[in-house]
Protein chains: 2
Amino acid sequence: MAAESPTAPDAQELLSGAALTSFRLNGRFLAVAEAMARPAGLTAARWQVLGAVLHEPLTVSGIARAMGMTRQAVQRTADLLVGQGLAEYRPNPAHSRAKLFAPTEEGLAAVRGIGPAHGEFAARLADAMGPEELARTVEAMRRLADAVESLEEPDAGQ
Amino acid sequence: MAAESPTAPDAQELLSGAALTSFRLNGRFLAVAEAMARPAGLTAARWQVLGAVLHEPLTVSGIARAMGMTRQAVQRTADLLVGQGLAEYRPNPAHSRAKLFAPTEEGLAAVRGIGPAHGEFAARLADAMGPEELARTVEAMRRLADAVESLEEPDAGQ
DNA sequence: GTCGAATTGACAACGTGTTGTCAATGGGGG
DNA sequence: CCCCCATTGACAACACGTTGTCAATTCGAC
């Protein structure tokens with residue numbers, strides 16, 4: 001490998017590499033999550049939405065804001081979970097239209113059922129690349145996401 | 001579950017954080033790419049596929065292998081690009097069934113048209129977080145993707 | 001040379017996220 | 001008190017990636 005090559009990678013190639021790597025990483029995590037969720041009768045997206053209300057019920061719009069997604073995407077997934085009997089809408093004393101989304105006992109059991117596989121894969125990943133580097137990588141990705149977010153049009157999304 | 005040291009998050013939370021951050025980052029890059037590609041009559045996915053054959057024609061299966069996607073996904077995007085007149089299938093002397101996918105002159109012009117916006121955003125991103133940290137982050141993400149890939153079932157995907 | 005496995009393209013079904021549009025609800029300014 | 005407007009839910013259309021299945025083609029073992 002060349003040391004101090006005079007031709008440093010230009011920003012454009014850096015951005016392309018970051019985006020392509022992000023797409024690839026997303027695909028890998030999605031595949032892993034899908035494989036872990038399937039035995040519990042869930043999908044990656046439904047697991048994610050259900051996981052957002054494990055401790056406290058939230059409105060669909062609130063979940064969307066917390067996850068950085070559109071409320072329509074969360075709405076459809078939430079409706080499917082209710083149809084599956086894994087979650088339910090509860091009346092919201094503060095807003096008659098925006099009901100509170102909460103998991104049912106069956107939904108809680110489904111999420112708990114993923115725990116062992118989740119823990120086992122997490123342990124293997126931490127073993128493969130080291131917990132410290134894993135933590136550092138997540139932190140770096142968070143900074144990158146923040147930077148990209150701050151450069152987008154202010155009214156992007158929603 | 002005993003109290004954990006605040007500086008030592010368990011592997012399970014680390015994995016969840018990594019996946020959720022990856023999903024968020026993917027969404028941000030996708031939105032940015034979509035916004036840059038739209039004026040050129042492209043989408044993020046079509047830009048990506050077209051970008052894979054800028055220098056040399058490849059078969060659809062070959063592109064899929066190079067991008068880590070299923071060949072069916074690439075096939076549909078490629079067919080759409082051909083229908084748009086931005087690419088074409090050329091006879092493959094080495095394989096009568098697996099034709100060679102190549103951009104048309106119009107397709108090349110479309111990709112070139114994205115260049116300025118791409119370069120401008122890349123410069124702003126490099127300015128926002130520093131080219132060195134950006135490069136380090138991409139490298140860390142690549143290692144994470146490699147690690148996850150190596151832990152998946154050997155026959156996963158395809 | 002022939003047969004069987006692997007590769008490849010075609011087609012369909014599904015889950016998901018996005019944008020766009022519309023009506024219902026709720027809060028704040030007049 | 002009433003009206004404007006942001007928030008919210010509902011519904012539809014679209015792009016995309018995935019899995020599954022099948023037929024055509026290619027290549028290697030025999």
Worksheet entry | Atom pair distance, as rounded to whole Å: CG in A:Leu80 and P in D:dG9 | 16 Å
Discussion item. In whole Å, I'd like the distance from the CE atom of B:Met69 to the P atom of D:dT19.
Written reply: 11 Å
Discussion item. Both A:Val60 and B:Ala73 contact DNA chain D. Taking the nearest nucleotide for each, which residue is further toward the 5' end?
Written reply: A:Val60
Worksheet item: Does A:Thr70 make a side-chain N or O approach to OP1 or OP2 of C:dT18 shorter than 4.0 Å?
Response: yes
Response to the item:
Between CG of B:Leu30 and P of C:dT18 the distance, given in whole Å, is 8 Å
Worksheet item: So, is B:Ser61 near the phosphate of C:dG9, with a side-chain N or O under 4.0 Å from OP1 or OP2?
Response: yes
Fill in: Partner set under salt bridge (Lys or Arg N to Asp or Glu O under 4.0 Å) for B:Arg24, not counting sequence neighbours
A:Asp146, A:Glu149
Discussion item. Could you tell me how far apart A:Gln75 (CD) and C:dT18 (C1') are, to the nearest whole angstrom?
Written reply: 15 Å
Worksheet item: Rounded to the nearest Å, what distance is computed from the CD atom of residue A:Glu34 to the P atom of nucleotide C:dC14?
Response: 16 Å
Fill in: Main-chain N/O of B:Gly17 paired to B:Thr21 side chain as donor or acceptor, under 3.5 Å
yes
Worksheet, complete the sentence: Taken in chain and number order and not counting sequence neighbours, the residues that satisfy side chain to side chain contact (heavy atoms under 4.5 Å, CB included) with A:Glu120 are A:Arg124
Practice prompt. Specify the separation, in whole Å, of atom NZ of A:Lys99 and atom C1' of D:dT7.
Written response: 15 Å
Discussion item. Let's go through B:Leu20 and A:Gln48 carefully: what are the C-alpha distance in whole Å and the side-chain angles of both, what is the deciding distance for side-chain contact (heavy atoms from CB on, under 4.5 Å) to 0.1 Å, and is it a yes or a no?
Written reply: CA-CA 9 Å; B:Leu20 290 175; A:Gln48 197 181 343; 3.7 Å; yes
Practice prompt. For A:Glu132, check salt bridge (Lys or Arg N to Asp or Glu O under 4.0 Å) against everything at least two apart and list the hits.
Written response: none
Worksheet entry | Salt bridge present between A:Arg142 and A:Glu139 (N-O < 4.0 angstrom) | yes
Discussion item. Measuring from atom OG of B:Ser16 to atom CH2 of A:Trp47, what distance do you get when rounded to the nearest 0.5 angstrom?
Written reply: 6.0 Å
Item to complete: May I have the distance from B:Asp79 (atom CG) to D:dG17 (atom C1'), rounded to whole angstrom?
Response: 15 Å
Response to the item:
Those residues at least two apart in sequence (or on a different chain) that pass side chain to side chain contact (heavy atoms under 4.5 Å, CB included) with A:Glu56 are A:Leu58
Worksheet item: B:Arg97: what forms a salt bridge (Lys or Arg N to Asp or Glu O under 4.0 Å) with it, not counting sequence neighbours?
Response: none
Worksheet item: Which is it for B:Arg46 and B:Gln84 under the side-chain contact (heavy atoms from CB on, under 4.5 Å) test, yes or no, and what are the steps along the way?
Response: CA-CA 11 Å; B:Arg46 296 177 199 192; B:Gln84 249 184 314; 3.2 Å; yes
Polar-atom pairs under 3.5 Å, protein N or O versus N or O of nucleotides 2-5 of chain D: list them with distances, or write none.
none

Worksheet entry | With sequence neighbours excluded, residues passing side chain to side chain contact (heavy atoms under 4.5 Å, CB included) with B:Leu30 | A:Phe23, B:Asn26, B:Glu34, B:Ala44
Worksheet item: Axis-to-axis angle across the helix from C:dG1-D:dC30 to C:dG30-D:dC1, five pairs an end, to 10 degrees?
Response: 20°
Discussion item. Could you work out, with side chain to side chain contact (heavy atoms under 4.5 Å, CB included) as the rule, every residue matching B:Ser150, not counting sequence neighbours?
Written reply: none
Item to complete: Indicate for each nucleotide in nucleotides 20-29 of chain D, in 5' to 3' sequence, whether protein heavy atoms under 4.0 Å reach the base (B), only the sugar-phosphate (S), or nothing (-).
Response: BB-BBSS---
Fill in: Quiz item: A:Arg76 side-chain donor-acceptor pair to C:dG17 base, under 3.5 Å
yes
Fill in: B:Leu58 CG - C:dG9 P separation (whole Å)
11 Å
Name each donor-acceptor pair under 3.5 Å that joins a side chain in residues 72-83 of chain A to protein atoms two or more places apart or in another chain, with its distance.
| from | atom 1 | to | atom 2 | distance (Å) |
| --- | --- | --- | --- | --- |
| A:Gln75 | NE2 | A:Asp79 | OD1 | 3.4 |
| A:Gln75 | NE2 | A:Tyr89 | OH | 3.4 |
| A:Thr77 | OG1 | A:Ala73 | O | 3.2 |
| A:Asp79 | OD1 | A:Tyr89 | OH | 2.6 |

Worksheet item: Yes or no on side-chain contact (heavy atoms from CB on, under 4.5 Å) for B:Leu86 and B:Leu42, after CA distance, side-chain angles and deciding distance?
Response: CA-CA 9 Å; B:Leu86 301 180; B:Leu42 286 172; 3.6 Å; yes
Worksheet item: Can you find a side chain N or O atom of A:Thr77 that sits less than 4.0 Å from OP1 or OP2 on C:dG17?
Response: yes
Worksheet, complete the sentence: Contact check, residues 35-46 of chain B vs DNA chain C, heavy-atom distance under 4.0 Å, returns none
